[in-house]
*Asks:* 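The structure that follows is given in the form of structure tokens.
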Amino acid sequence: MSARDEPAGPDPDETPGGRDTPDSPDSPDDAAFDEIVDTETDRDPDLAVIEAGSRTLRTQAGPPAGDGVPAPPADPEVARALREAEAELLARWPETRIDPSLERIRALLDILGEPQRAYPSIHLTGTNGKSSTARMIEALLVACDLRTGRFTSPHLQSITERIGLDGAPIDAERFVETYRELKPYAEMVDARQEHPLSFFEMLTAMAFAAFAEAPVDVAVVEVGLGGTWDSTNVIDAAVAVVTPIAVDHSRLLGDTPGAIAADKAGIVKKTATSPGGGPGTVVIMAQQPVDAAQVLLKRAVEVDATVAREGMEFGVLSREVAVGGQLLTLRGLGGEYPEVFLPLHGEHMAHNAAVALAAVEAFFGVGSEHARSLDLDTVRRAFAGVTSPGRLEVVRTSPTVVLDAAHNPAGAQATAAGVQEAFGFSRLVGVVGTSRDKDVRGVLEAFEPIFTEVVVTRNSTTRAMDPDELAALAVEVFGSERVQVEPRLDDALEAAITLAEEEDEYAGAGVLVTGSVITAGEARLLLGST
């Protein structure tokens with residue numbers, strides 16, 4: 001497998017690239033895999049570590065369609081322009097060479113007229129669940145007839161996924177146009193700074209500019225890494241959301257939830273304008289480890305922010321597994337919302353839904369200005385249409401193949417519980433490809449109770465853990481008789497599917513592909529899901 005040398009960085013899991021769809025939807029072939037490899041070795045996986053409007057325009061835009069993962073542009077010229085723009089972005093100073101400063105992004109946004117101040121924002125940080133929660137928040141806002149902008153990372157297949165308008169990824173033409181408009185201003189900033197703008201800083205500015213141009217009524221913005229020094233932290237959000245904090249990126253953020261929370265708490269500000277018009281942010285806090293909760297609550301007191309805590313002011317009252325998802329009763333800041341169908345699997349997704357609901361309620365002032373709740377039918381309609389690609393996503397049947405982007409122990413534990421609850425496989429074969437700077441043993445140990453066998457492999461980035469090294473760890477966790485090594489992802493998928501098919505087709509065997517966002521995204525392409 002070809003590779004090039006790359007600088008060390010904290011999270012190769014969060015750097016999937018743009019790829020093309022394989023010819024066969026069911027049989028990943030060598031050509032498709034080689035194309036992914038060729039694409040990935042031309043990009044730097046470190047770069048992506050750190051991904052009042054008009055209702056008339058919202059109506060013209062139409063409802064969001066699909067699962068939020070766009071197919072490659074049909075027009076060859078547009079596809080070429082998108083590749084060129086992405087290549088230029090990836091050639092920029094990598095975010096992983098951390099220089100904790102907001103000076104560069106502020107300089108660029110100042111030249112652009114501070115587009116991030118043209119609309120209110122909801123800002124999300126945390127370790128796990130940010131993107132799924134952001135998608136749910138967006139769905140609720142769209143259902144309330146607001147134009148939305150969403151900035152999330154990483155992406156599964158196309159860089160355009162990172163910037164969303166009205167519930168759908170920005171189209172390739174608009175992405176290229178936005179980049180070209182900002183490029184000369186970015187070069188001006190580059191000339192005046194010690195370091196040029198990074199990949200993520202440029203994407204952040206592009207998102208803010210695209211949102212202002214749309215224009216949007218509200219932006220839903222996910223941090224790239226941490227909080228305090230993340231380039232998204234130039235916004236003064238009305239609502240700050242903190243999803244569950246666990247240990248990840250320990251080299252940069254700390255090795256305990258409390259230490260990590262100290263950086264993430266930076267998005268909670270006194271200068272923000274609350275939905276009720278007063279100072280301070282409304283903080284929507286998911287269930288947290290004790291030390292992380294203490295840090296977050298202390299920060300809220302310091303900046304006079306209002307806090308709503310899951311399990312106290314809001315939460316999940318009940319949940320039951322349903323066909324294609326789960327049926328929830330949620331308690332929000334303004335009351336109860338019964339019989340809410342969520343087409344996503346796992347208890348963690350139910351908790352994400354509760355957090356998203358509380359965030360939107362807080363945005364509208366529910367619980368502070370007034371006691372009324374959101375319209376129940378609107379809430380039900382919004383949640384029923386939520387998608388979260390690469391999160392316990394079924395991409396094939398006979399046998400069932402599920403993708404999940406879990407890449408740290410806490411995420412893997414949630415995924416393992418979700419798989420057991422939602423699918424009830426009689427035999428589950430794992431395909432695992434991780435990044436070498438993660439807690440790989442912790443991920444493997446989380447999956448050991450549910451995998452009958454595991455096929456270890458690698459994705460196409462040079463940041464991926466060597467399959468033989470991964471196999472050695474897997475043997476320690478699973479035992480040698482349960483571990484198979486396939487260096488190529490396409491071969492690993494084929495081997496796992498073959499193992500699952502050894503049982504009768506009605507016996508309930510399945511395959512779970514996991515360990516990295518990149519692994520999930522590449523498997524999604526190889527298996528023909530677009």
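Every heavy atom of this structure was used, including side-chain atoms; hydrogens, water molecules and symmetry mates were not.
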*Asks:* Any non-hydrogen side-chain atom of Asn128 less than 4.5 Å from a side-chain atom of Thr243?
*Replies:*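 The answer is no, as the side chains (C-beta and beyond) never meet within the 4.5 Å cut-off.
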*Asks:* Would you say Lys269's side chain and Asn233's backbone share a donor-acceptor pair under 3.5 angstrom?
*Replies:*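 Checking the backbone N and O of Asn233 against the side chain of Lys269, a donor-acceptor pair under 3.5 Å is found.
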*Asks:* Can you measure from NE2 (His351) to CD (Glu310) and round to the nearest 0.5 angstrom?
*Replies:*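 These two atoms lie 5.5 Å from each other.
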*Asks:* If you apply the rule side chain to side chain donor-acceptor pair (under 3.5 Å), what do you find for Asn352 with Ser132, and how did you get there?
*Replies:* CA-CA 7 Å; Asn352 291 345; Ser132 296; 4.6 Å; no
*Asks:* Kindly determine whether Leu89 and Leu203 satisfy side chain to side chain contact (heavy atoms under 4.5 Å, CB included), including the steps that lead there.
*Replies:* CA-CA 8 Å; Leu89 284 166; Leu203 276 179; 4.2 Å; yes
*Asks:* Quick one: does Ser121's side chain have a donor or acceptor within less than 3.5 Å of a partner on Ala237's backbone?
*Replies:*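 Side chain of Ser121 to backbone of Ala237, a donor-acceptor pair under 3.5 Å: no, none is there.
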*Asks:* Does Asp263 reach the main-chain N or O of Gly227 with its side chain, forming a donor-acceptor pair under 3.5 Å?
*Replies:*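 Side chain of Asp263 to backbone of Gly227, a donor-acceptor pair under 3.5 Å: yes, one is there.
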*Asks:* Donor-acceptor pair, Glu138 side chain versus Gly167 backbone, under 3.5 Å?
*Replies:*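 Judged by distance alone, yes, a pair lies under 3.5 Å.
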*Asks:* Hey, does Arg150 have a side-chain heavy atom less than 4.5 Å from the side chain of Glu222?
*Replies:*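 Heavy-atom side-chain distance check fails, nothing below 4.5 Å.
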*Asks:* Quick check for you: to the nearest 0.5 Å, what is the distance between Leu109 atom CG and Leu182 atom CG?
*Replies:*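 It is 8.5 Å, given to the nearest 0.5 Å.
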*Asks:* Test your reading of the model: is there a side-chain donor-acceptor pair from Thr125 to the backbone of Gly226, 3.5 Å cut-off?
*Replies:*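 Side chain of Thr125 to backbone of Gly226: a pair is present.
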*Asks:* Examine distances only and state if a side-chain atom of Thr519 and a backbone atom of Gly515 form a donor-acceptor pair shorter than 3.5 Å.
*Replies:*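 Looks like no, no N/O pair under 3.5 Å.
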*Asks:* Would you say Thr148 and Phe211 make side-chain contact, with heavy atoms under 4.5 Å?
*Replies:*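 No, every pair of side-chain atoms sits at 4.5 Å or beyond.
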*Asks:* Could you go through Leu473 and Met465, starting from their C-alpha distance and side-chain angles, then the distance that decides it, and tell me whether this counts as side chain to side chain contact (heavy atoms under 4.5 Å, CB included)?
*Replies:* CA-CA 11 Å; Leu473 276 176; Met465 189 171 195; 3.7 Å; yes
*Asks:* Taking Arg117 for its side chain and Pro120 for its backbone only, find out whether a donor-acceptor pair lies under 3.5 Å.
*Replies:*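 No, because the side chain of Arg117 does not come within donor-acceptor range (under 3.5 Å) of the backbone of Pro120.
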*Asks:* Just how far is it from atom OH of Tyr185 to atom CG of Leu197, taken to the nearest 0.5 Å?
*Replies:*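 Tyr185 OH to Leu197 CG: 14.5 Å, rounded to 0.5 Å.
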*Asks:* Would you say Glu181 has more than 12 foreign heavy atoms packed within less than 6.0 Å of its CD?
*Replies:*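 Yes, because the 6.0 Å sphere around CD of Glu181 holds more than 12 heavy atoms from other groups.
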*Asks:* Quick one: closest heavy-atom pair of Ile122 and Ala359, and the distance?
*Replies:*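 Closest heavy-atom pair between Ile122 and Ala359: CD1-O, 4.4 Å.
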*Asks:* So which heavy atom on Gly126 is nearest to which on Ile245, and how close?
*Replies:*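 Nearest pair, atom of Gly126 first, then Ile245: CA-CG1, 4.3 Å.
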*Asks:* Closest heavy-atom contact between Gly390 and Leu156?
*Replies:*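 Nearest pair, atom of Gly390 first, then Leu156: N-CD1, 3.8 Å.
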*Asks:* Calculate, to the nearest 0.5 Å, the distance between atoms CD and CD belonging to Glu173 and Glu77 respectively.
*Replies:*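 Between Glu173 CD and Glu77 CD, I get 11.5 Å after rounding to 0.5 Å.
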*Asks:* Does any N or O in the side chain of Glu213 come within less than 3.5 Å of the main-chain N or O of Ala210, such that one atom is a donor and the other an acceptor?
*Replies:*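 Here the side-chain-to-backbone pair does not exist.
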*Asks:* Any idea which heavy atoms bring Gly149 and Leu165 closest together, and the distance?
*Replies:*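 Residues Gly149 and Leu165, closest heavy atoms: CA-CD2, 4.4 Å.
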*Asks:* Do Thr514 and Val431 come close enough that some side-chain heavy atom pair is under 4.5 Å?
*Replies:*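 The answer is no, as the side chains (C-beta and beyond) never meet within the 4.5 Å cut-off.
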*Asks:* Write down the atom of Met285, the atom of Gln288, and the distance for their closest heavy-atom approach.
*Replies:*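 Of all heavy-atom pairs spanning Met285 and Gln288, the closest is CG-CG, 3.9 Å.
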*Asks:* For residues Glu201 and Ile105, report the shortest heavy-atom separation together with the two atoms involved.
*Replies:*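 The answer is O-CD1, 3.4 Å.
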*Asks:* My understanding is that only one of Asp230, Thr232, Thr281 makes a side chain to side chain donor-acceptor pair (under 3.5 Å) with His123; could you say which?
*Replies:*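 The passing option is Thr232.
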*Asks:* Strictly distance-based, threshold 3.5 Å: is any side-chain N or O of Glu84 a donor or acceptor partner for the main-chain N or O of Val176?
*Replies:*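 Here the side-chain-to-backbone pair does not exist.
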*Asks:* Given the rule in the side chain to side chain contact (heavy atoms under 4.5 Å, CB included) test, do Leu146 and Phe364 qualify, once you have shown the distances and angles that lead to the verdict?
*Replies:* CA-CA 12 Å; Leu146 295 183; Phe364 286 120; 3.7 Å; yes
*Asks:* Compare all side-chain heavy atoms of Arg174 with those of Thr160 and state whether any distance is below 4.5 angstrom.
*Replies:*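 They are not in contact (no side-chain heavy atoms under 4.5 Å apart), so the answer is no.
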*Asks:* May I have the step-by-step check of side chain to side chain donor-acceptor pair (under 3.5 Å) for Glu522 and Ser460, ending in yes or no?
*Replies:* CA-CA 8 Å; Glu522 292 181 356; Ser460 62; 2.4 Å; yes
*Asks:* For side chain to side chain donor-acceptor pair (under 3.5 Å), just list the numbers for Glu393 and Ser388, CA-CA rounded to whole Å, side-chain angles, deciding distance to a tenth of an Å, and then say yes or no.
*Replies:* CA-CA 8 Å; Glu393 179 186 18; Ser388 192; over 6 Å; no
*Asks:* Just verifying a value: how many Å separate Leu90 CG and Glu88 CD, rounded to the nearest 0.5 Å?
*Replies:*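 So the gap between those two atoms works out to 10.5 Å.
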*Asks:* Please answer whether the main-chain N or O of Pro389 pairs with a side-chain N or O of Thr387 as donor and acceptor at a distance below 3.5 Å.
*Replies:*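 Here the side-chain-to-backbone pair does not exist.
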*Asks:* Can Ser435 and Asp437 be counted as having a side-chain donor-acceptor contact under 3.5 angstrom?
*Replies:*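 Looking only at side-chain atoms, Asp437 and Ser435 do not form any donor-acceptor pair under 3.5 Å.
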*Asks:* Please report the C-alpha distance between Arg147 and Asp166 in whole Å, then the side-chain angles of each, then the deciding distance to 0.1 Å, and finally whether the salt bridge (charged side-chain N to carboxylate O under 4.0 Å, His left out) criterion is met.
*Replies:* CA-CA 6 Å; Arg147 292 211 78 194; Asp166 297 319; 2.5 Å; yes
*Asks:* Answer whether the closest heavy-atom distance between the side chains of Val239 and Ile284 falls below 4.5 Å.
*Replies:*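 A side-chain contact exists here, since the closest heavy-atom pair is under 4.5 Å.
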*Asks:* Using the salt bridge (Lys or Arg N to Asp or Glu O under 4.0 Å) definition, which of the options Arg104, Arg92, Lys183 pairs with Asp190?
*Replies:*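 By the salt bridge (Lys or Arg N to Asp or Glu O under 4.0 Å) criterion, Asp190 pairs with just one of Arg104, Arg92, Lys183: Arg92.
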*Asks:* Nearest 0.5 Å, please: how far is CG in Asp304 from OG1 in Thr306?
*Replies:*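 So the OG1 of Thr306 and the CG of Asp304 are separated by 7.0 Å.
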*Asks:* Determine, stepwise, if the pair Leu392 / Leu344 fulfils side chain to side chain contact (heavy atoms under 4.5 Å, CB included).
*Replies:* CA-CA 8 Å; Leu392 286 179; Leu344 301 174; over 6 Å; no
*Asks:* Do Glu86 and Phe175 make a side-chain contact, defined as non-hydrogen atoms from C-beta onward lying under 4.5 Å apart?
*Replies:*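 They are not in contact (no side-chain heavy atoms under 4.5 Å apart), so the answer is no.
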*Asks:* Any non-hydrogen side-chain atom of Val69 less than 4.5 Å from a side-chain atom of Arg524?
*Replies:*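 Yes - at least one pair of side-chain heavy atoms lies under 4.5 Å apart.
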